Amino acid sequence: MAGSQYSVSKFSLPLVLVVCLLFGLVTSTAPAAPKPLTDYDLPGLQNKVSLTSLDPWDVVQLIEFLAHRGGLNNMVIGPGVSGLTTKLKFDDVSVGDALEVVLSVNNLAYEIRGGIVTIMTDAEYQAKTGTSFYNNKQVKMVELKYADPARVATMLEPVKSTIGTVVADPVTGVLILIDTADKIAEMETIIARADLSTVSRVLPTETQTFELMYADVATLQPEITAILTPDVGQLRVDDRTKSLIVTALPHKMEQIKHLVKVFDQRPRQVFIEAKIVQVSLSDDYRLGVNWDHVFQGIDPRFALSSASTPGSLSSVGEAVSPAASLTYNTILGNADLTVVLQALKQVGETKILSNPHVAVLDGEEATIKVVTDQPYAEAQLESGTTNVVGETVTFIEVGVSLAVTPRISGDGMISTTIRPEVSSVIGSYQAFRTVPIVRRSYAETTVMVKDRETVIIAGMIENSKQQTQSRVPFLGRIPLLGVLFRTTSDEVASKELIAFLTPRIVSGEEPHPLSGTQTKTLKPMRR
């Protein structure tokens with residue numbers, strides 16, 4: 001590392017540490033320096049030796065001579081150890097000190113394990129340990145609070161030694177000092193004086209504007225805020241243009257781009273065709289439509305799969321049949337419901353109450369209503385009294401409504417929450433004013449169907465009782481005596497409300513033709 005220059009890194013701190021690891025410099029303290037030979041418990045190293053020579057010595061022979069004088073019987077000399085010494089003059093020095101000087105002059109290293117001394121070249125030592133035997137450099141990481149790391153690194157260039165290195169990371173504000181302990185202490189003093197609160201570090205941030213097409217600003221704002229680096233990143237929003245102005249570090253900006261791409265996708269849509277049918281049940285079907293019987297003998301394209309569901313069944317007004325239970329069935333996709341409606345006529349009189357169709361976004365609720373606003377007057381009372389001081393007109397919706405919330409799964413299935421409701425005025429209640437009595441029948445359930453399959457929701461049965469009178473003409477009108485010529489009976493009528501629902505996944509780019517729409521074949525022109 002001698003003569004190396006400081007470098008300003010544009011990478012994040014983990015990559016800086018990787019670079020240091022490649023040079024064998026990753027440590028926050030000084031590497032454990034080898035102990036001097038005299039510190040080892042080898043008694044012979046304390047022996048005194050004197051040697052004067054004007055002729056060069058082979059370094060291997062000189063090491064063997066000193067080892068013999070020190071009684072080092074367990075010694076291994078590596079194959080790379082070679083060379084000649086110059087003039088020698090030792091006068092009453094310890095064998096350990098003399099041997100250590102000879103090794104350092106010839107750039108040799110040593111290891112002592114189990115009383116065995118191994119001599120090797122410094123290159124062999126570096127290959128084995130990852131650092132030089134004579135490396136006295138330390139590594140210190142300093143985190144700046146205010147100053148620019150690149151600017152401080154320039155200031156430290158004249159201070160570091162020729163073997164020192166300064167690595168600056170402008171993203172994290174960290175300086176990595178690699179040098180001797182004394183030089184690192186000098187550089188830390190300079191850093192402390194340069195890192196003042198009056199100095200503002202310019203971070204390598206970037207700013208981008210994201211114009212959302214489909215996602216809501218309120219949805220993305222907390223998600224982006226969680227990614228931003230505290231005290232560094234900024235987020236500004238414009239609800240009017242659905243724009244996000246983001247300032248962040250480069251690696252954070254990449255995460256934000258991915259987040260915006262995931263959230264700001266075109267939502268899928270579901271096109272829903274519905275038919276709400278009321279069937280006046282004949283005497284044979286008082287308990288409801290038997291769908292197995294209905295589908296017997298009709299076109300084999302219709303595959304019926306029936307199942308019960310724990311969906312609620314409720315009525316306000318006259319009670320529905322207590323024995324009724326909400327059920328649903330499914331029909332294979334692209335089936336013609338006209339055939340099913342024709343088959344229902346064998347059960348009783350069939351009437352289509354509503355035939356709505358609507359497109360709705362995935363996960364949103366679509367509400368379809370075919371209703372009449374029924375007005376009635378409400379009395380206004382004087383505060384604290386029962387005195388009528390006026391009246392207001394209030395409207396109540398009566399008719400057919402259908403609420404549907406579809407959710408598209410990843411495999412193309414559609415989970416649909418359905419709530420059909422039918423209401424009608426069945427009478428009036430006389431209080432301060434005449435108030436209509438409204439009967440409501442509704443069901444609520446969630447079913448899972450395939451794309452273009454039709455789901456049949458049935459089981460909503462209403463039983464109504466109507467008193468009828470028959471009499472003999474003229475005679476039945478005679479007072480008192482006419483009782484003998486007329487009869488009164490209670491007629492029970494049962495009606496079942498059935499909802500057919502066909503959801504289809506659409507992109508929103510093409511028209512939504514109804515499933516019953518068929519292309520007519522053009523006839524040739526007459527000549």
Side-chain angles (χ1 to χ4, degrees), residues 1-4 20-21 23-140 160-165 177-186:
M1 301 289 292
S4 61
C20 293
L21 181 62
F23 288 93
L25 298 174
V26 174
T27 177
S28 60
T29 59
K35 295 190 299 182
L37 282 172
T38 54
D39 289 351
Y40 289 94
D41 188 18
L42 298 175
L45 295 179
Q46 304 300 326
N47 297 340
K48 300 298 182 177
V49 62
S50 296
L51 176 62
T52 301
S53 175
L54 299 179
D55 299 322
W57 275 51
D58 180 80
V59 66
V60 175
Q61 294 180 353
L62 181 57
I63 292 173
E64 291 177 342
F65 170 78
L66 293 175
H68 175 72
R69 295 295 301 269
L72 301 177
N73 298 322
N74 300 321
M75 177 175 286
V76 177
I77 300 177
V81 178
S82 62
L84 298 174
T85 64
T86 55
K87 296 180 181 180
L88 299 175
K89 185 175 176 60
F90 294 129
D91 186 12
D92 197 28
V93 298
S94 66
V95 171
D97 291 337
L99 183 57
E100 193 158 13
V101 170
V102 171
L103 296 177
S104 62
V105 169
N106 290 275
N107 200 28
L108 300 176
Y110 59 84
E111 279 186 342
I112 300 178
R113 292 183 180 180
I116 302 175
V117 181
T118 303
I119 309 296
M120 67 191 78
T121 63
D122 188 55
E124 293 172 336
Y125 185 86
Q126 289 189 49
K128 183 177 181 180
T129 64
T131 184
S132 173
F133 183 81
Y134 298 99
N135 182 16
N136 59 349
K137 290 184 293 184
Q138 297 182 3
V139 177
K140 187 67 176 291
K160 70 179 183 63
S161 67
T162 56
I163 63 171
T165 303
L177 310 178
I178 307 171
D179 214 322
T180 63
D182 294 340
K183 287 296 182 180
I184 287 179
E186 293 182 31

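Just so you know, these numbers use all the heavy atoms, side chains as well, and skip hydrogens, waters and symmetry mates. Since we're looking at a predicted model, the values are computed, not measured.
- A heavy-atom distance below 4.5 Å is found between the side chains of Ile77 and Glu64.
- Between Leu177 and Val139 the shortest side-chain heavy-atom distance does not fall below 4.5 Å.
- Residues Val105 and Thr85 form no side-chain contact, since every pair of their non-hydrogen atoms from C-beta on lies 4.5 Å or further apart.
- The minimum heavy-atom distance linking Thr131 with Tyr125 is given by the pair O-CD2, 3.4 Å.
- The side-chain heavy atoms of Leu72 and Leu99, taken from C-beta on, include a pair separated by under 4.5 Å.
- Listed by first then second residue, pairs satisfying side-chain hydrogen bond (donor to acceptor under 3.5 Å, both in side chains) with a partner in residues 88-98 read Ser94-Asp97, not counting sequence neighbours.
- Under the 3.5 Å distance criterion, the side-chain polar atoms of Asp179 are left unmatched by any main-chain donor or acceptor of Lys160.
- In this structure, the side chain of Asp122 does not engage the main chain of Asn107 through any donor-acceptor pair within 3.5 Å.
- Annotation: side chain of Arg69 is not in contact with side chain of Asn47 (no heavy-atom distance under 4.5 Å).
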Is there a side-chain contact (heavy atoms from CB on, under 4.5 Å) between Val101 and Val93? Walk through the geometry before answering. CA-CA 11 Å; Val101 170; Val93 298; over 6 Å; no
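- The two residues Ile184 and Gln138 make their nearest non-hydrogen contact at CD1-O, 3.4 Å.
- Residues Phe133 and Met120 are not in side-chain contact: their nearest non-hydrogen atoms beyond the backbone lie 4.5 Å or more apart.
- In this structure, Leu108 CG and Glu124 CD are separated by 9.0 Å, a value rounded to the nearest 0.5 Å.
- Once rounded to the nearest 0.5 Å, the distance linking CD1 of Ile63 with CG of Asn106 reads 7.0 Å.
- Contact of the Val76 side chain with the Ile119 side chain is not registered, since no non-hydrogen atoms from C-beta on lie closer than 4.5 Å.
- Identified under the ring-ring contact (aromatic ring centres under 6.0 Å, His included) test for residues 51-93, with sequence neighbours left out: Trp57-Phe65.
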